[in-house]
Amino acid sequence: MKSLKVLFMGTPSFAVPILEMLDENTTVVGVVTKKDKNKDRQNKIIYSPIKTYALEHNLKVYQVDDLKELLDVDCDIIITCAFGKMLPEELINKPRLKAINVHASLLPKYR
């Protein structure tokens, strides 16, 4: 499945194992994550766990204000996991296989 081109969207550490699995089994053409946080006490900018993984594995990182800017990214599918933003319909419909959201849930135990 390395021929499958994936655009991944996520931010927290919960999403890292999903990105890792995709990176091992597909071609991740880009990683979209929220903008970097303000500096910490040591005056360092804080990256999201997803951005940290992406940089360590030489994946292209996008941190855009307008998700429509991603319409030029050539991908077969978009996979989101704990991204926290609604995707515009144009972006959802652009890839050949559309978009999938991975969602954490305690269901069915707590319906």
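Count residues from 1 along the sequence.
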Phe8: partners by ring-ring contact (aromatic ring centres under 6.0 Å, His included), with sequence neighbours left out: none
Residues at least two apart in sequence or cross-chain that pass salt bridge (charged side-chain N to carboxylate O under 4.0 Å, His left out) with Lys35, listed by chain then number, are Asp65
Applying side chain to side chain donor-acceptor pair (under 3.5 Å), which residue pairs with at least one partner in residues 69-81 are found, sequence neighbours left out? Lys5-Asp74, Thr80-Asn101
Taking side chain as C-beta onward, heavy atoms only, is Thr27 less than 4.5 Å from Val6? no
Do Lys98 and Ile77 have side chains that approach each other closer than 4.5 Å (heavy atoms only, starting at C-beta)? no
State the CG-NZ distance between Asn58 and Lys60, to the nearest 0.5 angstrom. 12.5 Å
Is the shortest heavy-atom distance from the side chain of Lys34 to the side chain of Lys51 under 4.5 Å? no
Polar side chain donor-acceptor pair, Thr11 to Ser48, under 3.5 angstrom: no
Could you measure the distance from the OG1 atom of Thr26 to the CE atom of Met21? Nearest 0.5 Å is fine. 7.0 Å
Shortest non-hydrogen pair, Gly10 vs Ala15, comes out as CA-CB, 4.5 Å
With clusters built from Ile, Leu, Val, Met, Phe, Trp and Tyr whose side-chain heavy atoms come within less than 4.5 Å, directly or transitively, what are the remaining members of the cluster of Leu71, listed by chain and number? Leu7, Met9, Val29, Val32, Tyr62, Val64, Leu67, Leu70, Val73, Ile78, Phe83, Leu87, Leu91, Ile92
Here the side chain to side chain donor-acceptor pair (under 3.5 Å) pairs for residues 84-97, sequence neighbours left out, are Lys68-Glu90
Heavy-atom closest pair (Ser13 atom, Pro49 atom, distance to 0.1 Å) is N-CG, 3.5 Å
Sort and list the pairs that fulfil salt bridge (Lys or Arg N to Asp or Glu O under 4.0 Å) and have at least one residue in residues 20-32, not counting sequence neighbours. none
Please report the interatomic distance OH(Tyr47) to CD(Glu56), rounded to the nearest 0.5 Å. 11.5 Å
